Amino acid sequence: MAEIATPVELDAQYRALREGAGVLDRSERGKLSVKGADAAEYIQGQVTNDVEGLAAGEGCYAALLDRKGHIQADMRILRLHEDDFWLDLEPEAAPAALKHLRTYSIGRDVEIEDVGERWAITALIGPAAPSIAGFEGLGPEHAQRSREWDGIEVLAVATDLGFDLITRPDQAGPLRERLIAGGAEEVTLEAAEIVRVESGRPRFGRDMGPESMPAEAGITERAVDFEKGCYIGQEPVARLHYRGKPNRTLRGLRLSAHADRGDPLRLGDREVGTLGTVCLSPALGPIALAIVRREAAEGDRLEVKDGAVTAEVVSLPFAA
């Protein structure tokens, strides 16, 4: 059972994430290895971002789409070496992504493997992360650097809020102990989700899914390269981009009280979307992400579920 923090604990964890650093195990994420002489060219034809343009030690954020341009998975892609790539993604999306990549790889010099049990991911989030982990200056997002720390081999990957530290599973515990000794505080996923929502970044399976296109989910700028060659789902994504605004888009919501993920949102007598991730921010109060119809403009107040709760539409991110 996932750990649930009390309000006092959650407030302290939030302060650590915003003012110091918090540490959290994220090893549940799916992890795929793609290797071989054709690896770069192959991945390039499957996902939305430019993979062939990455140098070793660089990475990008990308999406895997169906032929209608709907998101089947979003992922971080790291180019570890010339012909060696790492893909990590939400755990519920990993099996389908693995099946897809293996299906379309027939006849290519590429080996695709689930390596989830071989590696652990420790997230270090907050402004003090660089000094605590000893990875000062590592950036931009997805940049990688390795170091040995008291016998622990660590690959650090820059994130938008800190680092993901990748180790063997048996070294994750000792690494966490060193981070805590250096000033980091253990935090729950609940606390980490607050800073994610405040940053305006959606998660697959919570705020976006197979019913969403990249433009609707607000990930086009990060995930899509419109200059690269063909990939599955490219035509509808390009058509929507050059045609203009999508009919639905990711928005932030300030709630008047607590509500639940999946609760319908109404503007007048029309349903315009459903709540995605909902959290209680110590700084902002109840907030949420949601993909809503574009007629729900910034500043509008939506009714949640039966109207007992209202939601003010705001721009993203919530907090700098």
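Only a predicted model underlies this, so the values are computations on that prediction, with no experimental measurement involved.
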Worksheet item: Do other residues, nucleotides or ligands put more than 12 heavy atoms under 6.0 Å from E295 CD?
Response: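 Buried by this count: over 12 neighbours within 6.0 Å.
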
Note, [X] side chain near [Y] side chain (heavy atom, < 4.5 Å):
X	Y	answer
L65	H70	no
T188	Q13	yes
L80	L155	yes
D50	E227	no
R196	L289	yes
F135	P130	no
R222	R201	yes
T274	D263	no

Would [X] and [Y] pass as an ion pair if we require N to O under 4.0 Å?
X	Y	result
D260	K305	no
K31	D88	no
K35	E113	no
R168	E153	no

Out of curiosity, does [Y] fall in the hydrophobic cluster containing [X] (side-chain heavy atoms, cut-off under 4.5 Å, transitive links)?
X	Y	result
L64	I71	no
L255	V272	yes
V237	I291	yes
V110	L101	yes

Fill in: Shortest non-hydrogen contact between G139 and A158, atoms and distance
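For G139 and A158, the tightest heavy-atom pair comes out as CA-CB, 4.3 Å.
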
Fill in: Closest non-hydrogen atom pair between R102 and Y42, with its separation
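Of all heavy-atom pairs spanning R102 and Y42, the closest is N-OH, 4.4 Å.
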
Practice prompt. Mind running salt bridge (Lys or Arg N to Asp or Glu O under 4.0 Å) on E211 and K68 for me, showing each step along the way?
Written response: CA-CA 10 Å; E211 73 287 347; K68 294 184 178 181; over 6 Å; no

Worksheet item: With under 30° as parallel and over 60° as perpendicular, where do the rings of W86 and W119 fit, or are they tilted in between?
Response: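 Ring orientation, 0 to 90° scale: perpendicular.
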
Discussion item. Please report the interatomic distance CG(L87) to CG(D114), rounded to the nearest 0.5 Å.
Written reply: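 Between atom CG of L87 and atom CG of D114 there are 11.5 Å.
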
Worksheet item: Is a side-chain donor or acceptor of R178 paired with a backbone partner of A181 at a separation under 3.5 angstrom?
Response: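 Answer holds: no.
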
Discussion item. We want to know whether D164 and T159 form a side-chain donor-acceptor pair, criterion being a heavy-atom distance below 3.5 angstrom.
Written reply: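 Distance-only check fails for D164 and T159.
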
Worksheet item: Side chains of T249 and E216: donor-acceptor distance under 3.5 Å anywhere?
Response: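 No, no side-chain donor-acceptor pair sits under 3.5 Å.
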
Discussion item. Between Y14 and E190, does the side-chain hydrogen bond (donor to acceptor under 3.5 Å, both in side chains) criterion hold? Intermediate values first, please.
Written reply: CA-CA 10 Å; Y14 177 83; E190 183 181 8; over 6 Å; no

Worksheet item: What about Y61 and H142, are their ring centers closer than 6.0 Å?
Response: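 Centroid separation for Y61 and H142: 6.0 Å or greater.
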
